[in-house]
Chemist: 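I'd like to ask some things about the structure below.
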Amino acid sequence: MSQYVDHLQVVQKRFDEALEANGFDSVLIYAGHPRYAFLDDNPYSYRVNPMFKYWIPVTESPKSFIFYRRGETPRVFLYQARDFWHAQPQLPPGEWQEKCDVTLIDNIDQVRAALTDELPHAALISEPLEPLDRWNVKALNPQGLIDHLHYQRANKTAWEMANMRKANLLAARGHEAAKAAFFAGKSELEISHAYYGAMKFRESQAPYNSIIGLNEHAAVLHYDVYETEAPAEHRSFLIDAGAYYNGYCADITRTYAAKPGFFAELVEAVDRAEQEIIALIKPGVQYYDLHVETHRKIAAILHEFGFFKVDANTIYERGYTSAFFPHGLGHYIGLQVHDVGGYLKNPKGESFERDARHPFLRLRREVEEGNVFTIEPGLYVVDQLLEAFDGNEDFNWQRVAELRPFGGVRIEDSVIVTKDGSENITRDAFAALN
Ligand code: GLY
Ligand code: MN
Ligand code: MN
């Protein structure tokens, strides 16, 4: 059986369970449609409902539907506008067309008419968009059903993993071009063009706005404004940029120093720490513990590089690491870059409490074989966070001032959890290019 057919069977089985547990015979999933800017007739770029592309690798066919009744063949209502203004999207060929009953529509009311008897027993999974919000369904986005499906999505099928390996290959190609543009002295905007050019992507086809920061900008966690002119001096470069393949995401960060020295050594230290954390990954480990262990490693680096007058243990115990490493260690990744279910304890939707010391951690579940998640430690000079420690004598403020012009460091890979360890699909992708 092909990986896709196997995937489709898993998805059907998961929906069978989730629908039954929540009292539904069937589900209707709407792909969504482009939304218009206020008082304007131009749409924002379209992004498909993730629950739709979970079934079939069709990401550019707005106004389409999937209808699935427990135990039966999925039905795809594929929207093809009768419209001479726009080109119709090319449909990805593939087995999904053989494994689903496909009906072409040019008006979504055809779906309502075809399913008149089914809808009162069905759950509808869709943004609450006009006119679907008035359809006579049993429930719109029932939380119990969504939680059940989100919980199951943490374990990826072989087909999903293969797509993410491909997404990483694409993104790694973009990253190599961006790195070359940095060393050629280009501006942030030019580096962004190099990234998308190498992947043959438009910006709207990426899973998130790339973070492309030179020098101090590397400290802005979600920096995406881009200077159009190159700075007088290139000291450092942080790029966090991804790709889609068949609707599945890559999310990669690399940091570069323009020349050898203190910052280059700091990048190497964070890179080493990241790989040491990845070496700890195996089924049964708590992701939370990996996050805490990363704080301990960041404390050790801060000590080693002279940012503090106190030892690494004290740096950690006094909570100083959170000022330099304020975000979580990482997150599930899949159909969404921050994939779902990271706080769900079980399919019933019970969830873990947020930890006040680590409010931005996105993943609390135990590590299981088949999970795919990122590992992304960082170390930055974020002045807004350091203000709270103004005048604190434990800090070596001179050292902090030396790092400030470089912004900071983040290194981010995605890993697949295997039976007794992990596969680093990001580093494998870079290696395959060389
Ligand atoms: N690119 C967003 C993140 O790393 O989570
Ligand atoms: Mn990430
Ligand atoms: Mn990222």
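First listed ligand is number 1; within each ligand, the first listed atom is number 1. Just the heavy atoms: all of them, side chains too, but no hydrogens, waters or symmetry mates, feed the values below.
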Chemist: Below 2.8 Å, can you find an N, O or S atom of Glu412 next to the Mn ion (ligand 2)?
Modeler: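 Yes - counting backbone and side chain alike, Glu412 has an N, O or S atom under 2.8 Å.
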Chemist: In terms of relative ring orientation, are Tyr287 and Phe373 parallel, tilted or perpendicular, with 30° and 60° separating the classes?
Modeler: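 It falls in the perpendicular class, over 60°.
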Chemist: Tell me whether the guanidinium CZ or amine NZ of Arg35 lies under 6.0 angstrom from the six-membered ring centre of Tyr44 and within 45° of its axis.
Modeler: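 No, Arg35 does not sit over the ring of Tyr44.
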Chemist: Fit a plane to each ring of Tyr226 and Tyr223, take the angle between them on a 0 to 90° scale, and name the class: parallel (under 30°), tilted (30 to 60°) or perpendicular (over 60°).
Modeler: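 Rings of Tyr226 and Tyr223: tilted, 30 to 60°.
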Chemist: Classify the ring geometry of Phe262 against Phe406: parallel below 30°, tilted from 30° to 60°, perpendicular beyond 60°.
Modeler: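 Phe262 vs Phe406 ring planes: perpendicular.
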Chemist: Is the Mn ion (ligand 3) less than 2.8 Å from at least one N/O/S atom of Glu376?
Modeler: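 Checking the Mn ion (ligand 3) against Glu376, no N, O or S atom falls under 2.8 Å.
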Chemist: So, is the end of the Arg354 side chain (NZ or CZ) under 6.0 Å from the ring centre of Phe360 and within 45° of the ring's axis?
Modeler: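 The answer is no, since Arg354 fails at least one limit relative to Phe360.
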Chemist: Quick test: of every protein heavy atom, which one is nearest to atom 3 (C) of ligand 1, and how far off is it to 0.1 Å?
Modeler: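 Closest protein heavy atom to atom 3 (C) of ligand 1: Asp251 OD2, 3.3 Å.
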Chemist: With nothing but distance in play, are any N or O atoms of His331 less than 3.5 Å from an N or O of ligand 1?
Modeler: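 N/O-N/O distance below 3.5 Å exists for this pair.
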Chemist: Does the ring centre of His175 sit less than 6.0 Å away from the ring centre of Tyr195?
Modeler: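 Yes, the ring of Tyr195 comes within the 6.0 Å limit of the ring of His175, centre to centre.
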Chemist: Quick check on contacts: which atoms of ligand 1 are under 4.0 angstrom from a heavy atom of Glu412?
Modeler: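 Atoms satisfying the 4.0 Å criterion: 4 (O).
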Chemist: Look at His331 and state whether any of its N, O or S atoms is less than 2.8 Å from the Mn ion (ligand 2).
Modeler: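 For His331, the answer is yes, given that an N, O or S atom comes within less than 2.8 Å of the Mn ion (ligand 2).
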Chemist: For His338, is the nearest heavy atom under 4.0 Å from an atom of ligand 1?
Modeler: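 Yes; His338 lies near enough to ligand 1 that a heavy-atom distance drops under 4.0 Å.
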Chemist: Identify the protein heavy atom lying closest to atom 4 (O) of ligand 1, giving its residue, its atom name and the separation to 0.1 Å.
Modeler: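 Result: Glu376 OE1, 3.0 Å.
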Chemist: Run the numbers for me: atoms of ligand 1, each under 4.0 Å from some heavy atom of Tyr208, listed by number.
Modeler: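 Near Tyr208, the atoms of ligand 1 are 1 (N).
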Chemist: For the Mn ion (ligand 2), find the closest N/O/S atom on Asp251 and give its atom name.
Modeler: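 Nearest N/O/S atom of Asp251: OD2.
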Chemist: Which of these, Asp240, Asp271, Asp251, sits in a salt bridge (charged side-chain N to carboxylate O under 4.0 Å, His left out) with Arg410?
Modeler: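 In the set Asp240, Asp271, Asp251, the residue that makes a salt bridge (charged side-chain N to carboxylate O under 4.0 Å, His left out) with Arg410 is Asp240.
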